[in-house]
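Right, one structure below, let's go through it.
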Amino acid sequence: MITVHKVSDLQALLARERGLGKSIGLVPTMGALHEGHASLARRSVSENDVTVVSIFLNPTQFNDKTDLEKYPRTLEADCRLLEECGVQVAFAPSVEEVYPEPDTRTFSYPPTDAVMEGAMRPGHFNGVCQIVSKLFSYVEPDRAYFGEKDYQQIAVIRRMVDDLGLKLDIVPCPVVREKSGLAMSSRNTLLTDEERTLAANIYRVLEESKSIKAGVRETHDYVVESINAIQGLEVQYYSIVDGCTLAEIESWDDAESVVGCITVFCGSQPIRLIDHIRYK
Ligand code: PAF
C-alpha cells in the first residue's frame with residue numbers, strides 16, 4: 001500500500017491507473033478505523049482495481065470544536081488495517097493541503113440535510129459536502145463506499161451527487177455491529193466498559209420496537225421512554241422518517257421505506273452515539 005499526502009501525487013498516481021483502464025473505488029474516512037471501515041475497504045477492493053481510502057479528520061463538519069479535539073487519531077494503526085484489507089492507496093492529507101483557503105461553498109438540500117443531525121449540528125452536512133465533493137474531484141472514483149450507520153449522510157451525499165451531476169455510484173454498506181448489537185463507531189473507543197454495555201441497549205430497544213406492532217407515535221414514545229429509563233442514556237432525538245426524503249411520517253403507510261433514526265447521549269462525558277433501524 002502507498003500512503004500519499006499531497007493531492008498532486010494522488011492525482012498523478014490515479015491518472016496512470018485510469019490510463020491503464022483500471023476502475024477506482026473510494027472509501028472516505030476520518031480515521032480511527034474499525035471493523036466497519038474495514039468492511040467498506042474490503043468491499044471496494046473486491047469491486048475495483050484500485051481502492052483509495054482517505055483518512056482526513058475534516059474540521060469543517062464539526063460545529064462543536066471539543067468534539068473535534070476529542071476525536072481519536074490513530075494513523076499508524078489505520079494504515080496497518082488498510083494494508084490487511086488489500087487497499088492500494090491511503091490518502092492522508094493535512095488540513096492545509098485540503099483547505100489552502102477557507103472553503104466558502106454552501107450546499108443546501110432540504111429537507112434531507114435540515115432535519116435530525118442537520119438540525120442538531122448546524123453546518124455539519126455543509127462541511128461533509130465540502131470535503132466529500134473535494135475528495136470526489138481529486139479521486140474521480142467509479143464507486144464511493146459509505147456506511148449505512150450514518151444513514152442521513154448517505155441521503156445527503158446522494159442529493160449532492162445528483163445536484164453536481166457527478167458520474168459515480170454511491171454504494172451504501174450495512175452497519176457492522178459488535179456482538180452486543182452496538183453499532184461500530186470510532187467514538188466507541190471513548191466509552192468505558194460500563195458505558196459500552198449500557199450503549200448496547202440502544203439497538204436492543206430499536207429491535208424490540210419492531211415487534212410491538214403499534215402506531216408510529218406509540219412506537220416513537222416506546223423507544224424514547226425505554227432508553228431514557230436506563231440510567232446513563234439520554235435520547236437527544238428519535239425520528240421515524242421516510243427512508244428516502246427523511247421527512248417525518250405519521251402513519252406506517254406514509255412512505256414505502258421507513259427508518260427510525262436515533263441519537264443518544266451515553267455516560268457522563270457524554271458521548272453522542274447514533275444508530276437507526278429499518279421498519280420497512
Ligand atoms: O462518515 C465520515 O466518516 C465522514 O463524515 C466522511 C464521509 C469521511 C467525511 O469527512
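Note that this is a predicted model, so its numbers are computed, not measured. Whatever order the structure lists them in is the order used to number ligands and atoms, beginning at 1.
The shortest heavy-atom contact between T219 and I212 is CA-CD1, 4.0 Å.
For ligand 1, the atoms sitting less than 4.0 Å from at least one non-hydrogen atom of I131 are 9 (C), 10 (O), numbered in the order shown with element in parentheses. Remark: ligand 1 atoms within the under-4.0 Å shell around heavy atoms of Q153 are 1 (O), 2 (C), 4 (C), 5 (O), 7 (C). Near Q61, with a cut-off below 4.0 Å to any heavy atom, the atoms of ligand 1 are 4 (C), 5 (O), 9 (C), 10 (O). Shown in contact with P28 at under 4.0 Å from a heavy atom are these atoms of ligand 1, numbered in order with element: 8 (C). Counting atoms of ligand 1 from 1 in the listed order, those under 4.0 Å from a heavy atom of D150 are 1 (O).
Contact of the V128 side chain with the M160 side chain is not registered, since no non-hydrogen atoms from C-beta on lie closer than 4.5 Å. For the pair L68 and P59, the minimum side-chain heavy-atom distance is below 4.5 Å.
Between F91 and Y138, the ring-plane angle classifies as perpendicular under the 30° and 60° cut-offs.
Under 4.0 angstrom from ligand 1, the non-hydrogen atoms of T29 all belong to its backbone.
With hydrogens left out, the protein atom closest to atom 3 (O) of ligand 1 is M30 CG, 3.7 Å, a heavy atom.
Considering Y238, Y279, Y222 in turn, Y279 is the only one that fulfils the side-chain hydrogen bond (donor to acceptor under 3.5 Å, both in side chains) rule with S209.
E117 and Y151 are not linked by any side-chain donor-acceptor pair at a separation below 3.5 angstrom, with hydrogens and angles left out of the test.
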